[in-house]
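All remarks here apply to the structure that follows.
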Amino acid sequence: MSTEEKETLSAATYVLGLIDPLKRRQLDKRLDEDADFAAEVTRWQKAFSAIDVTSREVAPSPGLWQLIARDLVPPQTTHAASTVRNRSLFWLGWALAAALGGVVIFTQVIKPDAAPALQTIAILNDKQSERQFVVMLDKSVSTLQVSALDVTLPHDKTLQLWMIKGSAPPRSLGLITQRDGNTFKLPAEALDNQTVLAISLEPPGGSPLPGPSGPVVYQGSVRAL
């Protein structure tokens, strides 16, 4: 495994939480001291954010937690100890396989040379960067898909998506009516890395003005085109 692959895997396992507390503290320190490692961690976080948006929640079976608790009972015999060691190796192998699988996901979702059908191009943050919208581009049909992360849609207001290119006036792309899978047709002009996407808070039905009439509550720059 090359040094670059080790760094990628280290960042991936950090984001996935597949490391012991001591290693995590070491990597926490690296985040403040190593800009390249911090950027790698950020790319992984964005990659898995996109996966969270496009994946359905699946509730575990009622008996799953009891099975896990039973497997964690301290061994009483040599045979039991051997069994637990084997199970530990199994789970370690599973965790590493999951992390390596994530490397493939990372390559497909984030790196532009992979040219996936659905590509994450922007993360729109609020002022505190606690709530976000993920914007994905489907080049095959020239559409954007916008989905919320930790965002509750307003009941008496509307969220409206805008495209801003340089000094040109904001252009409305449409209203955000649901948490996941809002789809917008791309305008005639292509998006580029100088484009900013923004979401404003508007009255029901959208802004009565050519531009936003309410405050801009989320925004972010287009990346990875």
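Positions are given from 1, in the same order as the sequence printed here.
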Atom pairs and distances, donor-acceptor, side-chain atoms in residues 213-220, under 3.5 Å, two or more places apart:
unit_1, atom_1, unit_2, atom_2, d
Ser213, OG, Glu202, OE1, 2.3

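- Val135 and Leu153 fall within a single hydrophobic cluster, where Ile, Leu, Val, Met, Phe, Trp and Tyr side chains are chained together by heavy-atom contacts under 4.5 Å.
- Applying the ring-ring contact (aromatic ring centres under 6.0 Å, His included) criterion to Tyr14, with sequence neighbours excluded, gives no partner residue.
- Applying the salt bridge (Lys or Arg N to Asp or Glu O under 4.0 Å) test to every pair with at least one member in residues 9-26, sequence neighbours left out, gives no pairs at all.
- A distance of 9.5 Å separates CG of Leu144 from CE of Met163, quoted to the nearest 0.5 Å.
- Contact detail for Ser172 and Gln160: the closest heavy-atom pair is OG-NE2, 2.8 Å.
- A heavy-atom distance below 4.5 Å is found between the side chains of Ser10 and Leu27.
- Put simply, the side chain of Pro204 does not reach to within 4.5 Å of the side chain of Asp156, judged on heavy atoms.
- With rounding to the nearest 0.5 Å, the separation of NZ in Lys165 from OG1 in Thr195 is 4.5 Å.
- For the pair Pro208/Pro203, a side-chain contact is recorded, criterion being any heavy-atom separation below 4.5 Å from C-beta on.
- In this structure, Ile164 shares a hydrophobic cluster with Val196, the cluster being traced through Ile, Leu, Val, Met, Phe, Trp and Tyr side chains under 4.5 angstrom apart.
- The side chain to side chain contact (heavy atoms under 4.5 Å, CB included) test with Phe133 singles out one residue from Ile176, Asn125, Leu149, and that residue is Ile176.
- Asp34 has no carboxylate O lying under 4.0 Å from a charged side-chain N of Lys29, or vice versa, which leaves the two without a salt bridge.
- Inter-residue side-chain proximity for Leu197 and Leu173 is flagged as met; some heavy-atom pair is nearer than 4.5 Å.
- No chain of hydrophobic side-chain contacts below 4.5 Å, direct or via other Ile, Leu, Val, Met, Phe, Trp or Tyr residues, connects Ile199 to Leu175.
- Arg179 meets the salt bridge (charged side-chain N to carboxylate O under 4.0 Å, His left out) test with no other residue; sequence neighbours excluded.
- Note that OG1 of Thr143 and CG of Leu137 are 7.5 Å apart. Values are rounded to the nearest 0.5 Å.
- With rounding to the nearest 0.5 Å, the separation of NZ in Lys139 from CD1 in Ile121 is 9.0 Å.
- Sequence neighbours left out, not one pair with a member in residues 148-169 passes ring-ring contact (aromatic ring centres under 6.0 Å, His included).
- Under the 4.5 Å side-chain heavy-atom criterion for Ile, Leu, Val, Met, Phe, Trp and Tyr, Leu161 and Val222 are members of the same hydrophobic cluster.
- The 12-atom threshold is exceeded at CD of Gln178, counting heavy atoms of other residues, nucleotides or ligands nearer than 6.0 Å.
- In terms of modelled atom types and a separation under 3.5 Å, the side chain of Gln194 and the main chain of Gly166 share no donor-acceptor contact.
- With hydrogens and angles ignored, the 3.5 Å screen pairs no side-chain donor or acceptor of Asp36 with any backbone N or O of Ala39.
- Summarising the geometry of Glu40 relative to Thr8, their closest heavy-atom pair is OE2-OG1, 3.3 Å, with the distance given to 0.1 Å.
- Between atom OG of residue Ser147 and atom CE of residue Met136 there is a gap of 6.0 Å, rounded to the nearest 0.5 Å.
- The hydrophobic clustering, which links ILVMFWY residues whose side-chain heavy atoms are closer than 4.5 Å, places Leu31 and Ile19 together.
- A salt bridge links Glu7 with Arg30: the distance from a Lys NZ or Arg NE/NH1/NH2 to an Asp or Glu carboxylate oxygen falls below 4.0 Å.
- Expressed to the nearest 0.5 Å, how far CG of Leu159 lies from OG1 of Thr177 amounts to 10.0 Å.
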